[in-house]
2 protein chains.
Amino acid sequence: MNNIFIIGVGLIGGSFALDIKTLYPKSTIFGIDKNDSNLDEAIQLGFIDKKANFDDLGSAEFVILAIPVDATLNILPQVLDQVSDTAIVIDTGSTKEDICLKVKDHPKRRNYLAAHPIAGTEFSGPKAAIQNLYKNKTNIICEVEETAFKLQEKALKLFSDLGMRIRYMNPKAHDKHIAYVSHLSHISSFMLGKTVIDKERNERDIFDMAGSGFASTVRLAKSSPAMWTPIFEQNKTNVIETLDEYISNLIHFKRLMENDDFEAVFNEMVKTNHIKEILNGIQ
Amino acid sequence: MNNIFIIGVGLIGGSFALDIKTLYPKSTIFGIDKNDSNLDEAIQLGFIDKKANFDDLGSAEFVILAIPVDATLNILPQVLDQVSDTAIVIDTGSTKEDICLKVKDHPKRRNYLAAHPIAGTEFSGPKAAIQNLYKNKTNIICEVEETAFKLQEKALKLFSDLGMRIRYMNPKAHDKHIAYVSHLSHISSFMLGKTVIDKERNERDIFDMAGSGFASTVRLAKSSPAMWTPIFEQNKTNVIETLDEYISNLIHFKRLMENDDFEAVFNEMVKTNHIKEILNGIQ
């Protein structure tokens, strides 16, 4: 690979760039970012070779969009307008239905592959980029049949070099299930953080009492609001469905406690304990 | 220290035993457990020297109770009945009000120190015991003034040797605040696990989509129901209060989404983001 363009040089884009530099040392990695200081930082960190802008995209062989999903909706069509017939463009967003619909009839639809690498940390920005972020992680590809065969191949080669395992899924199913296994976790974590901060606002010593369990459950509340707000917006219907079910499970648990039915409280927890086996292999 | 008795040789008791064996290699560690196979396992793992029973407690210099909090309520008075005037008995439970009340008028109250080491993992049983579990962790001591001065000193010496930092608190305040920073996290995690498992019961492939974020937020759902049920029971009033606030925050967040007020959704997350600074130093 020669000219690789990363649009958005934060955690996701930067981590792609870091591994690509190792895998293909001869390639040139161009960075595009609406925030110029991010580009300066990325160049200083060594994973972006040159600043670029949209007019330069004609020379791109591979384009990776790693920006918030609302920005992707606006920018992906413009990127497709600019790239050559042999370029492959992927996005990395946590919602897939709106974006696939948006470029459905774009004349360069076959140059685009809809991807969602299930990887990240709670941090953001160029400094958050890390090597091997994608190793052994799942990458969900949507509507693979809409991408030109040779370009699919090129993208899959990169994902394979990065050590990712591929799952194919339609955008509707992706958005529905990812609401359960990812989006809901973020809301549960943010609201847990809010509940505790609100209560303990004037008693900061109290956080000395918090252990690793609390840290683990509120870890995602450190995530970027700029990234997550448009995800919740685009996946509104599914996310609200998960919230309804989560809230009703919490209310049920509270009722059991109020009724002193601690045998049922015990059974609720026993039934959920087999998450152990389910989680094996995720981390 | 010579004769140390550990009652309950699981994660908490076993981890004490492991470090004590390293710190005081000449001491003898006796194990008491209602489950004889736990004792066999603990002896095989090397952190318990000898099986013992309640009749042997007269020779104890230090007794550590590390059993579910409902069992502690029953067993602590019996332990105090048995020990000599120079023995120090500590418990390690996650609730403090009921247990302090229970032994308030016990003739050997001054031999007891109410402790809550904020340390653990989501695993349980003798095999879950690990070295250095308590290093740099907080240990909350309640009603320290009710314990004989010399025995306080002995317990604090051990905690200090284990690398723990001490916080003093009254039992009521302990139970109220720990509901926020520990007990609520466990329920949020169990109910998150339940919500996802219920939904995805027939689509186990879906868990391939789960990333480290999901794993982190549901980690506590692996915890022992036998340990947590009596904690929720003893701390019922406080836990229900935290659940009420958590549920109302979730409902509020859902309302904002339903009303398409994504600016407010964004602000909710921004306000909670400073959990970053609060969490610094916990993990």
Side-chain angles (χ1 to χ4, degrees), chain A residues 118-119 138 167 177-178 180-182 185 187-197 199-200 206-222 225 228-229 232-233 236 240 243 245-247 249-251 253-254 257 262 265-266 269-270 272-273 275-276 278-279 282-283, chain B residues 118-119 138 167 177-178 180-182 185 187-197 199-200 206-222 225 228-229 232-233 236 240 243 245-247 249-251 253-254 257 262 265-266 269-270 272-273 275-276 278-279 282-283:
Chain A
I118 312 285
T138 300
R167 296 285 179 274
H177 293 299
I178 205 74
Y180 280 92
V181 295
S182 166
S185 296
I187 299 177
S188 79
S189 195
F190 268 107
M191 290 303 101
L192 181 67
K194 179 184 170 162
T195 304
V196 178
I197 289 172
K199 190 66 188 184
E200 307 291 6
I206 291 311
F207 290 100
D208 276 1
M209 296 175 77
S212 59
F214 180 67
S216 168
T217 41
V218 298
R219 178 169 75 83
L220 299 179
K222 302 179 197 170
W228 280 96
T229 305
F232 297 144
E233 191 168 2
K236 176 180 157 178
I240 286 175
L243 270 174
E245 289 171 26
Y246 184 51
I247 291 165
N249 282 327
L250 285 162
I251 290 172
F253 193 93
K254 184 172 81 105
M257 286 187 63
F262 288 96
V265 162
F266 177 84
M269 292 193 276
V270 168
T272 305
N273 256 181
I275 197 88
K276 278 176 203 164
I278 291 171
L279 288 178
I282 290 185
Q283 263 179 329
Chain B
I118 312 285
T138 300
R167 296 286 178 273
H177 294 299
I178 205 74
Y180 281 93
V181 296
S182 165
S185 296
I187 299 177
S188 80
S189 195
F190 268 107
M191 290 303 100
L192 181 67
K194 179 184 168 157
T195 304
V196 178
I197 289 172
K199 191 65 186 184
E200 308 292 5
I206 291 310
F207 290 100
D208 276 1
M209 297 175 75
S212 59
F214 180 68
S216 167
T217 41
V218 298
R219 178 169 74 82
L220 298 180
K222 302 179 198 169
W228 281 95
T229 305
F232 297 144
E233 191 168 2
K236 175 180 159 178
I240 286 175
L243 270 174
E245 290 171 25
Y246 184 51
I247 291 166
N249 282 327
L250 285 162
I251 290 172
F253 193 93
K254 183 172 82 106
M257 285 187 64
F262 287 96
V265 163
F266 177 84
M269 291 193 276
V270 168
T272 305
N273 256 181
I275 196 89
K276 278 176 201 160
I278 291 171
L279 288 179
I282 289 185
Q283 263 179 329

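Quick caveat: nothing in here was measured; it's all calculated off a predicted structure. Per chain, numbering begins at 1; letters A, B, ... match sequence-line order. Side chains are part of it too, since the values below use all heavy atoms of this structure and drop only hydrogens, waters and symmetry mates.
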Between A/Met209 and B/Thr138, does a side chain to side chain contact (heavy atoms under 4.5 Å, CB included) hold up when you go through it step by step? CA-CA 7 Å; A/Met209 296 175 77; B/Thr138 300; 5.7 Å; no
Tell me the closest heavy-atom pair linking [X] and [Y], and the distance in Å.
{"X": "A/Phe262", "Y": "B/Thr229", "value": "O-CG2, 3.3 Å"}
{"X": "B/Tyr246", "Y": "A/Tyr246", "value": "OH-OH, 2.8 Å"}
{"X": "B/Leu192", "Y": "A/Ser188", "value": "CD2-OG, 4.0 Å"}

So which residue, [options], ends up with the most heavy-atom pairs under 4.5 Å with chain B?
{"options": "A/Lys276, A/Met257, A/Glu245", "answer": "A/Met257"}
{"options": "A/Ile178, A/Val270, A/Ile240, A/Ile251", "answer": "A/Ile240"}
{"options": "A/Thr195, A/Ile275, A/Val218", "answer": "A/Thr195"}

Find the distance between [atom1] ([X]) and [atom2] ([Y]) and round it off to the nearest 0.5 Å.
{"X": "B/Thr217", "Y": "A/Arg219", "atom1": "OG1", "atom2": "CZ", "result": "8.0 Å"}
{"X": "A/Ile197", "Y": "B/Thr272", "atom1": "CD1", "atom2": "OG1", "result": "5.5 Å"}
{"X": "B/Lys254", "Y": "A/Leu243", "atom1": "NZ", "atom2": "CG", "result": "7.5 Å"}

Give, as side chain, backbone, both or neither, the part of A/Ser182 having an atom under 4.5 angstrom from any heavy atom of chain B.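 No part of A/Ser182 comes within 4.5 Å of chain B.
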Checking A/Leu220 against chain B: side chain, backbone, both or neither under 4.5 Å from a heavy atom?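 The answer is the side chain of A/Leu220.
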Student check: side-chain heavy atoms of B/Ile247 and A/Phe253 closer than 4.5 Å: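 The answer is no; the side chains never approach within 4.5 Å.
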Tell me, with the steps shown, if A/Phe190 and B/Asn273 meet side chain to side chain contact (heavy atoms under 4.5 Å, CB included). CA-CA 8 Å; A/Phe190 268 107; B/Asn273 256 181; 3.7 Å; yes
